[in-house]
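These notes concern the structure reproduced below.
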Amino acid sequence: MTAIFDMSREAPRAAGLATAVEALRAGQLVGMPTETVYGLAANAADGAAVARIFAAKGRPRFNPLIVHVASLAAAETLIELGAAGQALARAFWPGPLTLVAPRRPGAPVADLATAGLPTLAVRVPAHPVARDLIAASGMALAAPSANRSGHVSPTLAYHVADDLGDAVAVILDAGAAPVGVESTVIGLAGPEPVLLRPGGIPRTDIEAVLGRALVNPAADAAVAGPGMLAQHYAPAVPLRLAATDVRSGESLLGFGPEFLPGSDMAKAIVNLSETGDLVEAAASLFTALRRLEAVGAPIAAMPIPDHGLGEAINDRLRRAAAKA
Ligand code: AMP
Ligand code: MG
């Protein structure tokens, strides 16, 4: 059962915040009103909680999520903004602007939230309920739009309930999302600022602050494609799919309780989930790939079932295998 609270009245508002914070601490998901659309929020530092976002949305792929924080200062603990980023933040935060910038080493954000990328998308929302939830939880909140994959973004609380059902533990109902479209996403990790996604803040307003034109994603091969993100993390070592043995010189990316023939000779073994739990496997996928990449040996990946989060895990493993 999803708990829904009317945030326009004082008593349910207090109860809603308390219940939502409890849910976030337990690794559950919260339907969070923001000024753009309703978000599906989880503790960004908790990989299993972030994995539940993808499971709830039924996404066949992992894409990087926007992490919501309270202030520019909080954002700067997670990413390196640089002069252009700071100028944009000062002009438009809190508000419907997302900045993608190099992630700081050790920033407490699950690798799944960035889909393994060295960059991180951060936003400071303006909606009072989102701000209160971030403050009351003391967390950075990873939140994509709170709709099932392929549906339109939710601008009312009942859209969230209809789309996600029991997968969302708590919904904070603050009425209609005032902006109603997603945030504008600006990429700051390259040589020049790129418009990764048009949204709530017009391009010309951003260009006025920057004093220069934004690079168009269509004109930039690195950022074209579905979700406007063709750049994906893939390990720099070869990866062999659906392995039924470990060959000489290989590392093993394991799944489940079984050991493959040749495991005892593996250069390294990382098991995504010894119990065969797909949520746990998704939560550890990108960290596991990075650890095995650091070992430097080719990777033999055990088969992963293709249901639930397995579909997105297999999508990413297939891309990694194709790249090698
Ligand atoms: P949503 O979570 O649905 O609001 O969408 C997030 C948007 O931000 C998508 O368009 C992503 O492609 C983009 N995004 C998030 N993180 C990154 C990143 N690290 N690099 C590039 N784009 C990103
Ligand atoms: Mg979306």
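Along the sequence shown, residues carry numbers from 1. On a predicted model such as this, the values are computed, not experimentally measured, just so you know. For ligands, and for the atoms within them, numbers begin at 1 and follow the listed sequence.
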Does NZ or CZ of R316 fall inside the cone over Y233's six-membered ring, less than 6.0 Å from its centre and within 45° of the axis? no
Quick look: L196 vs ligand 1, heavy-atom contacts under 4.0 Å, and the answer is side chain
Is E182 close to ligand 1, meaning an N/O of one under 3.5 Å from an N/O of the other? no
Looking at R291, I'd like to know if its CZ atom is crowded, meaning that more than 12 non-hydrogen atoms belonging to other residues, nucleotides or ligands lie closer than 6.0 Å. no
More than 12 heavy atoms of other residues, nucleotides or ligands under 6.0 Å from CD of E22: is that the case? no
Whether R148 and D163 form a salt bridge (side-chain N of Lys/Arg under 4.0 Å from carboxylate O of Asp/Glu) is what I want to check. no
Does any N or O of ligand 1 fall below 3.5 Å from an N or O anywhere on R197, backbone included? yes
Looking at the Mg ion (ligand 2), is one of the N, O or S atoms of S153 less than 2.8 Å from it? no
List ligand 1 atoms under 4.0 Å from P144, heavy atoms only on the residue side. 2 (O)
K267/E250 salt bridge by N-O under 4.0 Å criterion: no
Per-atom contacts, ligand 1 versus I66 - under 4.0 Å to a heavy atom: 4 (O), 6 (C)
Which of the atoms in ligand 1, numbered in the order shown and given with their element, are less than 4.0 Å from a heavy-atom of V100? 17 (C), 18 (C), 19 (N), 20 (N), 21 (C), 23 (C)
Closest to atom 17 (C) of ligand 1 (judged by heavy-atom distance), picking from A101, P64, G199: P64
For a side-chain hydrogen bond (donor to acceptor under 3.5 Å, both in side chains) with S273, tell me which candidate from N271, T275, D277 qualifies. T275
Donor-acceptor under 3.5 Å (T2 side chain, G165 main chain): yes
For T119, the ligand 1 atoms with a heavy-atom partner under 4.0 Å come out as 18 (C), 19 (N), 20 (N)
Quick one: look at L117 and ligand 1, take heavy-atom pairs under 4.0 Å, and tell me if it's side chain, backbone, both or neither. side chain
